[in-house]
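Quick notes on the structure that follows.
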Amino acid sequence: MPELPEVETLRLGLQKYLVGHKILDVKVNVSKIFQGSAKDIIGAKVKEIKRVGKGLIIELDNGFDLVIHLKLTGQVIYRDKKTADLKLSDKAGGQLPNKFTHVTFALDSDAFLFYNDVRRFGWVKVIKDSKLSELPFFKEMGPEPFKDLTLEKFEDIISKSLIAIKVLLMDQKRIGGIGNIYANDALFLAGIDPRRKAKELSPDEAKKLYEAVLEVLKNGLKYGGASDVDFINVLGQEGKYQDYFLAYGKNQKKCSRCSGTIEKIMVGGRGTYFCPACQR
DNA sequence: AGTCGCCTGGTA
DNA sequence: TACCAGGCGACT
């Protein structure tokens with residue numbers, strides 16, 4: 001699932017390949033995914049790529065932004081003459097564009113940017129740069145790891161809530177960028193039961209968890225994100241973090257830290273993987 | 001704070 | 001063939 005490390009991986013790739021390109025044309029196949037007016041971005045040049053939580057912002061030089069959220073299965077893939085020979089992951093759904101390509105951007109220098117999305121939960125939005133901060137998605141985004149989420153702020157956030165610590169980690173309004181994979185792995189690394197009430201963590205546990213969050217996100221980024229499902233980077237290649245999952249997806253596998261077995265339960269309506277023997 | 005709906009491919 | 005995957009907004 002695209003979470004902070006996956007979206008950041010994509011941002012780095014877009015920063016490298018997309019900046020400087022001019023948008024010549026936009027073709028929309030699934031209208032509910034593309035919001036706003038394509039006219040507003042045609043002819044504009046890409047200035048910079050930013051990220052807020054799991055959201056991507058493509059800043060253009062004409063006062064408009066292209067905002068993208070991948071939700072569960074969104075992909076943003078860049079192709080040009082130089083990258084045409086690179087092998088595309090099967091997860092892209094075949095030669096582009098294909099039946100999962102819902103928006104195609106034609107760029108100068110014979111380059112293309114494709115938005116693919118099997119389940120069509122994601123969106124691509126054209127918005128005036130000055131209105132960006134009014135989007136609820138960005139306005140309500142909580143502090144982010146590696147940015148403004150300090151240990152003090154983290155302690156403050158968890159001390160105020162009775163919800164399960166795992167649900168809190170995934171709540172974008174409280175903390176930005178963490179989804180199911182990294183929430184599971186951070187709690188495993190910190191040795192904390194995902195069902196514990198947030199405010200009942202000790203200061204020592206809070207610190208451990210804070211550091212674990214940074215650690216697993218850093219690892220995710222190091223391996224180019226997790227491609228266990230549909231994530232691929234801007235060149236259509238898979239990340240490797242799925243080979244380094246600590247707990248996520250490891251139902252009935254041996255715990256890597258003790259003699260226990262990883263179990264799958266539901267917490268906050270989501271699949272949750274943990275070791276009942278060493279996560280307390 | 002908890003549940004549902006949006007979607008569709010893959011799997012039991 | 002029913003069910004599961006989960007980010008996030010809407011709703012209760």
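Computed from a prediction, not measured in an experiment: that's the story for all the values here. Here is how names work: the chains are called A, B, and so on, in the same order as the sequence lines, proteins then strands, and each is numbered from 1.
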Rounded distance in Å between the [atom1] positions of [N] and [M]:
N     : M      : atom1 : answer
B:dC4 : C:dC4  : P     : 13 Å
C:dC8 : B:dG10 : C1'   : 23 Å
B:dC7 : C:dC11 : P     : 15 Å

_As a test of understanding, state which of A:Asp25, A:Leu24, A:Leu66 forms a side chain to side chain contact (heavy atoms under 4.5 Å, CB included) with A:Phe105._
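Filter result, single survivor: A:Leu66.
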
*asked:* Less than 4.0 angstrom from a charged side-chain N to a carboxylate O is my criterion; do A:Lys54 and A:Glu3 meet it?
replied: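 Not counted as a salt bridge, because no side-chain N and carboxylate O are separated by less than 4.0 Å.
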
*What is the nucleic acid contact for A:Lys32, judged by heavy atoms within less than 4.0 Å: base, sugar-phosphate only, or nothing?*
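Sugar-phosphate, backbone atoms only, no base.
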
*Please work out if A:Gly122 contacts a base, only the sugar-phosphate, or nothing of the nucleic acid, heavy-atom cut-off 4.0 Å.*
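No contact.
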
*ring-ring contact (aromatic ring centres under 6.0 Å, His included) partners of residues 259-278 of chain A, not counting sequence neighbours, each pair once*: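 Counting only pairs at least two positions apart or across chains, the ring-ring contact (aromatic ring centres under 6.0 Å, His included) contacts touching residues 259-278 of chain A are A:Tyr248-A:Tyr273.
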
_Show every ring-ring contact (aromatic ring centres under 6.0 Å, His included) that has at least one partner inside residues 78-98 of chain A, sequence neighbours left out._
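Passing the test, one end in residues 78-98 of chain A: A:Tyr17-A:Tyr78, A:His21-A:Tyr78.
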
*Just need the stems in DNA chain C: three or more back-to-back Watson-Crick or G-U pairs, each with both distances under 3.5 angstrom, sorted by first number.*
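Stem segments, range with range: B:1-6 with C:7-12, B:8-12 with C:1-5.
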
*Who pairs with A:Arg196 by salt bridge (Lys or Arg N to Asp or Glu O under 4.0 Å), at least two apart in sequence or on another chain?*
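A:Arg196 satisfies salt bridge (Lys or Arg N to Asp or Glu O under 4.0 Å) with A:Glu205 once adjacent residues are dropped.
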
*Mind checking salt bridge (Lys or Arg N to Asp or Glu O under 4.0 Å) for A:Arg195 and listing every partner two or more places apart, or none if nothing turns up?*
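Scan of A:Arg195 (salt bridge (Lys or Arg N to Asp or Glu O under 4.0 Å), adjacent residues dropped) gives A:Asp193.
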
Which atom pairs link the protein and nucleotides 8-12 of chain C when you take only N or O atoms and keep those under 3.5 Å?
| unit_1 | atom_1 | unit_2 | atom_2 | d |
| --- | --- | --- | --- | --- |
| C:dC8 | OP1 | A:His69 | NE2 | 2.3 |
| C:dC8 | OP2 | A:Lys54 | NZ | 3.2 |
| C:dC8 | N4 | A:Arg270 | NH2 | 2.6 |

Which atom pairs, donor and acceptor, lie under 3.5 Å between side-chain atoms of residues 117-124 of chain A and protein residues at least two apart or in another chain?
| unit_1 | atom_1 | unit_2 | atom_2 | d |
| --- | --- | --- | --- | --- |
| A:Asp117 | OD1 | A:Thr73 | OG1 | 2.6 |
| A:Asp117 | OD1 | A:Arg119 | N | 3.3 |
| A:Asp117 | OD1 | A:Arg120 | N | 3.1 |
| A:Asp117 | OD2 | A:Tyr115 | OH | 2.7 |
| A:Asp117 | OD2 | A:Gly122 | N | 3.0 |

*asked:* Among residues at least two apart in sequence or on other chains, which ones pass ring-ring contact (aromatic ring centres under 6.0 Å, His included) with A:Phe114?
replied: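 Listed in chain order: A:Phe112.
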
Can you give me every donor-acceptor pair (side chain of residues 207-219 of chain A, partner residue at least two apart or in another chain, under 3.5 Å) with its distance?
| unit_1 | atom_1 | unit_2 | atom_2 | d |
| --- | --- | --- | --- | --- |
| A:Lys207 | NZ | A:Glu211 | OE2 | 3.2 |
| A:Tyr210 | OH | A:Leu149 | O | 2.7 |

_What range of DNA chain B does chain A touch, first nucleotide to last, counting atoms under 4.0 Å from its heavy atoms?_
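Answer, 5' to 3': B:dA1 to B:dG9.
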
_Gap between atoms CG and C1', on A:Leu169 and C:dG7 respectively (whole Å)_ =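 Rounded to the whole Å, the gap is 15 Å.
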
_Residue pairs fulfilling salt bridge (charged side-chain N to carboxylate O under 4.0 Å, His left out) with at least one residue in residues 127-141 of chain A, sequence neighbours excluded_ =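 Every salt bridge (charged side-chain N to carboxylate O under 4.0 Å, His left out) pair that includes a residue of residues 127-141 of chain A, provided the two are not neighbours, is A:Glu140-A:Lys173.
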
*asked:* Give me each pair satisfying salt bridge (charged side-chain N to carboxylate O under 4.0 Å, His left out) with a member in residues 6-20 of chain A, each pair once, sequence neighbours excluded.
replied: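 Residue pairs with at least one partner in residues 6-20 of chain A: A:Glu8-A:Arg11, A:Glu8-A:Arg51.
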
